[in-house]
Every structure is written in C-alpha cells, then in structure tokens.
Amino acid sequence: MEGTGPGPQGRRREFEEVALVHLHVLYGAALRLAGNQAEAEDLVQDTALRAYEFFHQFAPGTNCKAWLLRILYRTFLNRRRAVRLTVAYDDDLAPPVGGSATVGNPEEDFLRKATGEEIQRALMVLPEKFRLPVILADLEGLTYREIAEVCGCPVGTVMSRLHRGRAHLREALRELLEPGRVEDGK
C-alpha cells in the first residue's frame, strides 16, 4: 500500500496534502476573528481536528480552503455561543495586521495611512456578520461564491454585508486616523 488508499494512512496523507496546506490562511482568519493569538491558535487547532474528523465528507475537487474556513467560522460561532464572551481587542496580545488589505481597491491610499494595529482595532469593532466577509474578501482573497459557502448565506447577502462592512470599516478607520482625535489614556 502506498499510503493514498482508503486506509487511515492514506486518509491522513490526503488530509495533509489537501487541507493542512491552508493552515496559514486559517490562522490569519482566526486571528482577525478572535482578536488575540492564544484564542486564534486554539481555534485553528479545533478547526483542524474537526476537519480531519469530517474529512470523509469533503468532496474532492472542490475548494478545500473555503470548506476549512466554513468549519473555522462555525467553530468560532459555537465557542462564542458556549462561552457568551465578547472578544475585546487587547493591544498586548494582538499583533498588527500585515500587508496591504485592499490591493486594487480605491481605498488603498487611505488604508496605507493606517497602521496594522489601527486596522486590527477597526476590524474588531465591526459587527461579526460584516467582519467575516471583509476578512475573507479583502484579506484572504476569496470570491463572493466562496464567502457565501463559508458563511452559509446567498451571494447577494455576501455582497450586501461586504459593502456595509467596508463602509463601517472605512468610518472606523476615519475616526481612528482623524487629525486631532487623540484619546487620552489609551
């Protein structure tokens, strides 16, 4: 047996080749959803375990990254429901978001003025239903259809949430970057 058959070794190898190559994407999304490193790491670990457990349900040839992000999002929601905890941004725990968030987007110049920390802070104040589509589209590069799969909603809903999420994000960043708007003690 070569390790790619129906046995446990073949299943494990196929999972490693198809799913685990997306761990960096899962971690980036988890960090932006959770707002801190420890919770993001736990979320990715739980997601990987669930994905392995249900890998037999994954349809070969479909988008594994979107499938994994859907599991990540569902795991995140389940954790929040179970704990009833509001995740708060913590300057000491959340590293800055790197890279250009909106390449080819008209807001690119505006976002370049913001530091990674300011972008992360603005993302964390977005309502959850808008935050995920913005993260998946602008930071992870998923298509509307892929985001719809992850969120479990129609493409039209994704487009609406993405539009409204970007508007909220733009306003949050504008407030953070507005000259003369310095908050004492923070």
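Applying the salt bridge (Lys or Arg N to Asp or Glu O under 4.0 Å) test to every pair with at least one member in residues 41-62, sequence neighbours left out, gives these pairs: Asp46-Arg79. Sorted by first and then second residue, the ring pair (Phe, Tyr, Trp, His ring centres under 6.0 Å) pairs with a member in residues 33-60 read Phe15-Tyr52, Phe15-Phe55, Phe55-Phe58, Phe58-Trp67; sequence neighbours excluded. Applying the ring pair (Phe, Tyr, Trp, His ring centres under 6.0 Å) rule to pairs touching residues 121-156 yields Phe130-His168, sequence neighbours excluded.
For the pair Arg166 and Ala137, the tightest heavy-atom approach, listed with the atom from each and the gap, is NH2-CB, 4.1 Å. Nearest heavy-atom pair, Ala30 versus Leu43, reported as atom, atom and distance to 0.1 Å: CB-CD2, 3.8 Å. Between Leu139 and Leu123, the closest heavy-atom pair is CD1-CD1, 3.9 Å. Nearest heavy atom pair, residue Val21 against residue Glu17, reads CG1-O, 3.5 Å.
Val125 and Leu162 end up in different hydrophobic clusters when Ile, Leu, Val, Met, Phe, Trp and Tyr side chains are linked at under 4.5 Å. The hydrophobic clustering, which links ILVMFWY residues whose side-chain heavy atoms are closer than 4.5 Å, places Tyr73 and Leu49 apart.
Listed by chain and residue number, Cys153, Pro154, Arg161 satisfy the side chain to side chain contact (heavy atoms under 4.5 Å, CB included) test with Thr157 (two or more places apart in sequence, or in another chain). For Ala66, the side chain to side chain contact (heavy atoms under 4.5 Å, CB included) partners two or more places apart in sequence, or in a different chain, are Asn63, Glu146, Glu149, Val150. For the side-chain hydrogen bond (donor to acceptor under 3.5 Å, both in side chains) test, residues two or more places apart in sequence or in another chain that qualify with Glu16 are Arg12. The side chain to side chain contact (heavy atoms under 4.5 Å, CB included) search around Ala122 returns Leu169, Ala172, Leu173, Leu176, not counting sequence neighbours. With sequence neighbours excluded, the residues satisfying salt bridge (charged side-chain N to carboxylate O under 4.0 Å, His left out) with Glu128 are Arg80. Listed by chain and residue number, Arg32 satisfy the salt bridge (charged side-chain N to carboxylate O under 4.0 Å, His left out) test with Glu140 (two or more places apart in sequence, or in another chain).
With hydrogens and angles ignored, the 3.5 Å screen pairs no side-chain donor or acceptor of Arg74 with any backbone N or O of Leu69. Judged by distance alone, with hydrogens and angles left aside, the side-chain atoms of Thr75 form a donor-acceptor pair with the main-chain N or O of Ile71 at under 3.5 Å.
Here the straight-line distance linking atom CG of Leu31 with atom CD1 of Ile135 works out to 9.0 Å at 0.5 Å rounding. A distance of 11.0 Å separates CD in Gln45 from CG in Leu23, rounded to the nearest 0.5 Å.
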Checklist entry - Checking side chain to side chain contact (heavy atoms under 4.5 Å, CB included) for the pair Leu33/Leu72: CA distance, chi angles, key distance, verdict? => result CA-CA 10 Å; Leu33 280 171; Leu72 176 90; 4.2 Å; yes
